[in-house]
Amino acid sequence: MKKKIQLVLFSETKMREDVYQKRKAIQVRELHKFLEAAGKYFEIDHVDNNEIRTKKQGQLIAQKINEGDSPVILYIPIFINPAIVAHTARSIRNPMVLIGNQAKDSLSQLGFLAAAGSMDQIGIAYSRIPWDGSTKEAVEALLSWTSSLEMTPARLNAEKTVRALEGQTFGCIGGRSLGISTGTADSAAWEKFFGIDIEHIDQYELVRRADALLKDRPELIDQYTDYIQKNYGQVEFDATKRFTPAHLRKMTASYLATLDIIADYDLDFIGIKCQTELSNGYCLQCLNVQLLNDPYDACGQKCPVVCSCEADADGALSMQILKLISGGKPTALQDIAQITPEYFELANCGAMASYFAALSDDPKTNLRQVHLVPHGFGEAGGGATQFVCEEGTFTYMRLTHTGDRYRMVFFTGRTTKMEREKFLQYSANPYRPTSFVSHHVDLTEFMKVYGSNHIHVVEGDYTRDLEEFCKLKDIEYYHL
């Protein structure tokens with residue numbers, strides 16, 4: 001069976017019609033030679049039987065290509081406009097190879113090198129075949145290249161994740177929290193490296209919308225607070241008024257307001273600063289973060305929306321990668337509270353998807369393990385989602401950056417369940433959702449290469465997928 005491959009033909013721009021007409025016959029001749037040679041081994045789809053002479057045509061062809069998974073030949077038959085090649089290639093998500101010819105009258109080599117240089121300048125991933133496309137050497141190289149794309153499930157999954165990230169938008173609600181500089185990101189670098197835009201949104205927008213919901217949609221707030229009090233293990237309001245029914249309504253309104261922000265700004269994943277403006281001046285956002293990251297809420301099943309605490313941008317991106325690479329599982333941000341040779345103690349200041357409490361497909365089973373308890377800090381008050389993570393195997397990962405270079409550290413670990421009564425006696429901060437993770441990590445190496453106080457988690461072992469992701473994106477990685 002012949003391998004399927006898509007061909008994109010570039011030609012002279014419409015701005016130089018006279019040159020195009022003079023050289024059209026050369027283009028037809030060289031394309032025919034290439035199709036005849038490669039067609040013996042490949043099922044070639046010459047996309048829409050078209051030639052690209054403008055950027056708009058290139059974008060339309062790119063959209064068509066992205067509907068499928070076949071690799072792509074960028075064919076340069078004559079001299080072309082290299083910017084159009086690069087602009088088109090930037091929008092194609094499938095693996096690409098650049099091919100030309102060596103005919104003396106075609107000037108293909110000139111166009112080939114100009115296009116290649118243009119793509120190199122903006123960091124487009126592609127391969128080059130340096131021989132005349134109709135020769136035996138070129139066809140063999142093309143066969144070898146396509147064979148290298150016959151990927152393992154991990155590679156395919158990584159490819160899918162890379163493509164899924166492109167065009168997404170991260171909503172940064174607030175800014176740097178508590179001076180944690182590792183939570184910040186460069187918008188231009190993200191756009192260039194991952195294809196992700198960053199939308200900055202003031203926390204006042206969350207407050208404004210939440211207050212409007214409290215005033216105008218009390219029945220919707222009631223629906224959620226009733227759901228919480230009915231399904232959570234306990235809702236522990238306290239006499240000190242740090243966590244009261246009024247706090248619960250504000251926390252619920254914050255979640256619903258955030259959903260509205262996500263919809264209105266067309267966001268794919270987010271981070272919320274919380275500390276200290278909201279934690280001291282409005283209410284803590286722990287319930288909001290938990291509900292967003294869970295695969296369900298009072299309205300039923302839903303897709304988890306990645307939300308990082310403290311507006312941790314690289315943390316949210318790490319979580320979004322884990323979510324996509326796992327097929328949509330809930331993820332979490334945790335603090336590295338303590339490290340010993342036997343275990344990591346990981347906790348969050350007050351929020352974690354309730355899914356981790358029991359790892360059940362039944363929301364009620366998970367929620368019964370969650371206690372909403374008065375938080376240990378925050379002048380405005382509110383509740384924390386307290387539980388100990390269920391036993392299971394997990395992937396732990398974090399993206400960090402040094403200058404303009406990213407690094408990924410990841411490993412697997414297995415959690416050990418601790419009963420609530422024992423945990424309450426053990427922990428100095430018992431309001432924190434916590435995991436106890438046995439591991440095989442070289443702690444000396446970990447302390448040398450790891451660059452954050454936060455770490456991120458998803459259920460299952462996705463370390464091979466993450467290796468492939470890093471190879472595709474040329475990211476330095478440490479599989480500990």
### Query
Do the non-hydrogen side-chain atoms of N293 and P330 ever get within less than 4.5 Å of each other?
no
(request) For atom NZ of K160, decide whether the heavy atoms of other residues, nucleotides or ligands shown that lie under 6.0 angstrom number more than 12. (result) no
Taking 4.0 angstrom as the limit, do E12 and K22 come out as a salt bridge?
no
Legend entry - Flag if over 12 foreign heavy atoms under 6.0 Å of NE2, H479: yes
If we ignore hydrogens and angles and just use 3.5 Å, is the side chain of N348 paired with the main-chain N or O of D335 as donor and acceptor? no
When rounded to the nearest 0.5 Å, the distance separating CD of Q285 from CG of L206 is 5.0 Å
task = Quick one: sort the Y477 and F410 rings into parallel, tilted or perpendicular, breaks at 30° and 60°.
result = parallel
Q. Counting heavy atoms not belonging to D361, are there more than 12 under 6.0 Å from its CG?
A. no
* To do: Take E17 and Q21 through the test side chain to side chain donor-acceptor pair (under 3.5 Å) and record every step on the way to the result.
  => CA-CA 6 Å; E17 186 65 24; Q21 292 299 335; 2.6 Å; yes
Answer yes when R163 and D69 have at least one side-chain N-carboxylate O distance shorter than 4.0 Å, and no when they do not.
yes
In short, Q102 meets W131 closest at the heavy-atom pair NE2-CA, 3.6 Å
K273 and G174 have their tightest heavy-atom pair at CB-CA, 3.9 Å
Taken in chain and number order and not counting sequence neighbours, the residues that satisfy ring pair (Phe, Tyr, Trp, His ring centres under 6.0 Å) with F436 are Y426
Inset, instruction - Look at atom NZ of K4 and say whether more than 12 heavy atoms of other residues, nucleotides or ligands are closer to it than 6.0 Å. - result: no
Tell me which donor-acceptor pairs under 3.5 Å the side chains of residues 259-268 have, and how far apart each pair is, sequence neighbours excluded?
{"unit_1": "D264", "atom_1": "OD2", "unit_2": "R209", "atom_2": "NH1", "d": "2.7"}
{"unit_1": "D264", "atom_1": "OD2", "unit_2": "R209", "atom_2": "NH2", "d": "3.2"}
{"unit_1": "D268", "atom_1": "OD2", "unit_2": "T169", "atom_2": "N", "d": "2.7"}

### Query
Hey, are D294 and S354 close enough side-chain-wise for a donor-acceptor pair under 3.5 Å?
yes
- Task: Check whether NZ of the Lys or CZ of the Arg R53 lies under 6.0 Å from the centre of the six-membered ring of Y20 and within 45 degrees of that ring's axis.
- Result: yes
- Flag the pair L324 / L165 as yes when at least one side-chain heavy-atom distance between them is below 4.5 Å, and no otherwise. yes
Determine, stepwise, if the pair T258 / N288 fulfils side chain to side chain donor-acceptor pair (under 3.5 Å). CA-CA 8 Å; T258 305; N288 189 0; 2.8 Å; yes
(Q) Assess whether a salt bridge exists between D120 and R128, defined as any Lys/Arg side-chain N lying under 4.0 Å from an Asp/Glu carboxylate O. (A) yes
Using a strict threshold of under 4.0 Å (side-chain N to carboxylate O), is an ion pair present between R398 and D312?
yes
In short, ring-ring contact (aromatic ring centres under 6.0 Å, His included) pairs touching residues 328-353 with sequence neighbours left out are F344-F411, F344-H439, F344-F446
*With a 4.5 Å limit on heavy-atom distance, are the side chains of N366 and E390 in contact?*
no
Sequence neighbours excluded, the answer for salt bridge (charged side-chain N to carboxylate O under 4.0 Å, His left out) partners of K417 is none
With sequence neighbours left out, the residues meeting salt bridge (charged side-chain N to carboxylate O under 4.0 Å, His left out) with D474 are R405
Taken to the nearest 0.5 Å, the spacing of L333 CG from H454 NE2 works out to 4.5 Å
- Inspect the contact between K33 and E36 and indicate whether a charged nitrogen and a carboxylate oxygen are less than 4.0 angstrom apart. no
- What do the steps show when you test E467 against R155 for salt bridge (Lys or Arg N to Asp or Glu O under 4.0 Å), and what is the final call? CA-CA 9 Å; E467 283 184 8; R155 180 78 173 192; over 6 Å; no
With sequence neighbours left out, the residues meeting salt bridge (charged side-chain N to carboxylate O under 4.0 Å, His left out) with D197 are none
*List the steps and the verdict of side chain to side chain donor-acceptor pair (under 3.5 Å) for D362 and S360.*
CA-CA 5 Å; D362 177 10; S360 174; 5.2 Å; no
Original post:
Salt bridge between K448 and E445, side-chain N to carboxylate O under 4.0 Å?
Top reply: no
Heavy-atom count around K136 NZ within 6.0 Å, excluding the residue itself: above 12? no
- Message: Is any side-chain heavy atom of Q334 closer than 4.5 Å to one of S435?
- Response: yes
Fill in: Within 45° cone of Y296 ring axis and under 6.0 Å: K302 NZ or CZ
no
### Message
Could you check whether D314 pairs with R407 (Lys NZ or Arg NE/NH1/NH2 to Asp/Glu carboxylate O, under 4.0 Å)?
### Response
no
Minimal heavy-atom distance between A353 and T331, with the atoms involved, is CB-O, 4.3 Å
